Amino acid sequence: MTDLTTLTLAEARAALANKEFTAVELADAHLSAIERARALNAFVVETPDKARAMAKAADVRIGKREARPLEGIPIAVKDLFCTAGVATSAGSHILDRFVPPYESTVTANLWRDGAVLIGKTNNDEFAMGSSNETSYHGPVISPWRRRGANIQLVPGGSSGGSAAAVAACLAPGATGTDTGGSIRQPAAFTGIVGLKPTYGRCSRWGIVAFASSLDQAGPFARSVRDAAILLASMAGEDPKDTTSVERPVPDYEQAIGRSVRDMRIGIPKEYRVDGMPAEIEALWANGADWLKAAGAEIVEVSLPHTKYALPAYYIVAPAEASSNLARYDGVRYGLRVPGADVTEMYEKTRAAGFGKEVRRRIMIGTYVLSAGYYDAYYLRAQKVRTLIKRDFETNFESGIHAMLTPTTPSAAFGVGEKSSGDPVEMYLNDVFTVTVNMAGLPGISVPAGLDRNGLPLGLQLIGRPFDEESLFSLGHVLERAAGRFSPERWW
Ligand code: GLN
């Protein structure tokens, strides 16, 4: 039998329907791949018993010709999604014994469509990070290595475990969340596809909140088609999240192969930043050429407020985080460190429960929201956010369908390389992705090539609100031209 773990989701779906193997066999193949790949530290919880039980039920459905869209497909879930009866830690010590009594809407949608949970993936603590080094469970190691070197590289973050799992063929698909780039950046670093939907496309209910006005769930997969299949199940209105939008969910898979002729693609000149490696420039130009060859029109555009996006993000996101994280007080969830009185208990619990990066964000957030600084920082950042959004709107109104940019300013870096010094070094990784969250737009990262060290690089497409379909059509054009990339197995 061929290696079941290297099949794409669409291939596995077809083979299951043809009874070439069973969902239990498919789950077992992935579960043993996960066992062999523990060196990557991609999973914080493995759920073999649950996976086999869900797969068995899927086989019954398939046998009765009652298969649902994701029947029997193994899915890895970022440990930020609450899963009923399965520990959910958000990568934090403060939640490391938390077993949610409820299921997030996005994961519930996946199980409703027949998917099989194989485990929960590691992530930066409370999704704060770009390298997966802030997790209480330790860093995730990328399945990729520089050619001829065995230095450990980061998979990107914060959804690094999900990205590493999909890139290393431990799951054909996974969920992630993206507040400032946490799906697209790790997708780019690991050579896979990752999509952040329009704000409101997926319900945030049951996802551990980081910055509520920026957070969105989205899929990781090894092909654009697979990402489209997953989004169709994940998306949808949810009465439990008032920011989820009542809008029919298109059959996203239909967008694969659709013509992109006459689409106008903007190349924002402000994304050509100082010090950007020449190979990223070259890759970006290739991407434009590929879209042009498919009939799209390439236009240089301007998004003048781009340079303010990162500083404004690092006010808005910590502000919301400091408020969201106030609930971890040792009373209602997870860790409690006793103290002489309730105040001391709060202090001890939060000091012991939160890691350094989370504490930094809480302090920044509390500061920018405090009386006297609120207007100078928070209110100003909100105004800048409006300007960033308007930049995109102006372009979309003038007939631009999507933007093409690099996903990241560099390829993956080494573990420890950017986590010990100035935190801004790490924050700079998100310069091309945070704008999209600030504007609430959809964005996809598609693998587009390898750098001179043999590491994957991604291109980002940014779309109009709720036009994920165009991103899938355009992304598919890039994928066809660039090919697919997989790491050489060393683990
Ligand atoms: N890296 C960014 C941050 O640390 C974005 C994280 C995310 O998208 N969750 O805030």
Side-chain angles (χ1 to χ4, degrees), residues 78-81 90-92 106 121-135 139-140 154-163 174-190 194-197 199 202 204 207-220 309-325 354-365 368 381 385 407-410 412-413 418-419 422-445 458 460 462:
K78 184 179 186 180
D79 204 26
L80 211 67
F81 291 79
S92 183
V106 163
T121 58
N122 203 346
N123 52 259
D124 278 304
E125 186 175 5
F126 286 104
M128 297 173 190
S130 308
S131 64
N132 221 304
E133 294 171 285
T134 73
S135 169
V140 175
V154 304
S158 64
S159 317
S162 286
T175 68
T177 64
D178 190 314
T179 304
S182 282
I183 293 176
R184 291 159 289 156
Q185 187 255 16
F189 276 14
T190 57
L195 176 117
K196 181 204 96 77
Y199 186 77
C202 290
R204 290 181 297 105
I207 300 172
V208 176
F210 166 9
S212 308
S213 76
L214 300 159
D215 298 344
Q216 260 299 290
F220 285 103
L310 200 65
Y313 170 86
Y314 276 99
I315 291 174
V316 174
E320 293 185 19
S322 72
S323 150
N324 272 325
L325 270 53
F354 292 134
K356 193 167 151 213
E357 183 61 26
V358 174
R359 292 201 301 269
R360 174 164 31 236
R361 307 266 182 133
I362 292 174
M363 284 191 276
I364 295 172
V368 300
R385 184 173 185 178
T407 309
T408 57
S410 74
F413 42 90
K418 292 191 190 213
S419 50
D422 183 356
V424 175
E425 274 275 299
M426 188 69 82
Y427 299 169
L428 281 169
N429 253 284
D430 305 319
V431 296
F432 301 144
T433 48
V434 292
T435 51
V436 180
N437 301 72
M438 292 294 265
L441 301 171
I444 192 171
S445 178
Q460 172 177 238
I462 306 168

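Counting starts at 1 for both ligands and their atoms, following the listed order. Bear in mind the structure is a predicted one, so any value in this text is a computation, not a measurement. Values below: every heavy atom of this structure, side chains too, minus hydrogens, waters and symmetry copies.
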Polar contact flag, side-chain donor to acceptor under 3.5 angstrom, Q185-T433: no
d(S131 OG, E357 CD) to nearest 0.5 Å is 9.0 Å
A127 and ligand 1 - part of the residue with a heavy-atom distance under 4.0 Å: both
Here the atoms of ligand 1 under 4.0 Å from any heavy atom belonging to F210 are 9 (N), 10 (O)
Using a strict 4.0 Å cut-off to heavy atoms of M128, name the atoms of ligand 1 that fall inside it. 4 (O)
Which bit of F126 is near ligand 1, meaning a heavy atom under 4.0 Å away: side chain, backbone, both or neither? neither
Under the salt bridge (Lys or Arg N to Asp or Glu O under 4.0 Å) rule, collect the residues that match up with R385, sequence neighbours excluded. none
Is there a polar contact, in the sense of an N or O pair closer than 3.5 Å, between T179 and ligand 1? yes
Check for a donor-acceptor pair, side chain of D124 on one end and backbone N or O of S159 on the other, with a separation under 3.5 Å. no
Please list the nearest protein heavy atom to atom 6 (C) of ligand 1 with its residue and the distance rounded to 0.1 Å. S182 OG, 2.8 Å
When you compare the side chain of F189 with that of V154, does any pair of heavy atoms fall below 4.5 Å? yes
E125 side chain to S92 side chain, donor-acceptor N/O pair below 3.5 angstrom: yes
Output a table of donor-acceptor pairs, distance under 3.5 Å, between side-chain atoms of residues 434-444 and any protein atom two or more places apart or on a different chain; print 'none' if there are none.
| unit_1 | atom_1 | unit_2 | atom_2 | d |
| --- | --- | --- | --- | --- |
| T435 | OG1 | Y271 | OH | 2.8 |
| N437 | OD1 | R184 | NH2 | 2.6 |
| N437 | ND2 | D178 | O | 3.1 |
| N437 | ND2 | D178 | OD1 | 3.0 |
| N437 | ND2 | T179 | O | 2.8 |

Does R361 come within less than 4.0 angstrom of ligand 1, counting non-hydrogen atoms of the residue? yes
Does Q460 offer a backbone N or O that forms a donor-acceptor pair with the side chain of T407 under 3.5 Å? yes
What atoms of ligand 1 come closer than 4.0 angstrom to any heavy atom of S158? 9 (N)
Interatomic distance, D215 atom CG to C202 atom SG [nearest 0.5 angstrom]: 12.0 Å
Do me a favour and list the nearest non-hydrogen protein atom to atom 3 (C) of ligand 1 with residue, atom name and distance? Y314 OH, 3.2 Å
Y427 heavy atom under 4.0 Å from ligand 1: no
Hey, which atoms in ligand 1 end up nearer than 4.0 Å to a heavy atom of D430? 1 (N), 2 (C)
Specify whether F354 and F126 have parallel, tilted or perpendicular ring planes, treating 30° as the upper limit for parallel and 60° as the lower limit for perpendicular. perpendicular
Within 4.0 Å of some non-hydrogen atom of Y313, the atoms of ligand 1 are 2 (C), 3 (C), 5 (C), 6 (C), 10 (O)
Considering distance alone, does some N or O of G181 sit under 3.5 Å from an N or O of ligand 1? yes
Taking only non-hydrogen atoms of D178 and a 4.0 Å limit, the atoms of ligand 1 in range are 8 (O)
Heteroatom proximity flag, G180 to ligand 1, N/O under 3.5 Å: yes
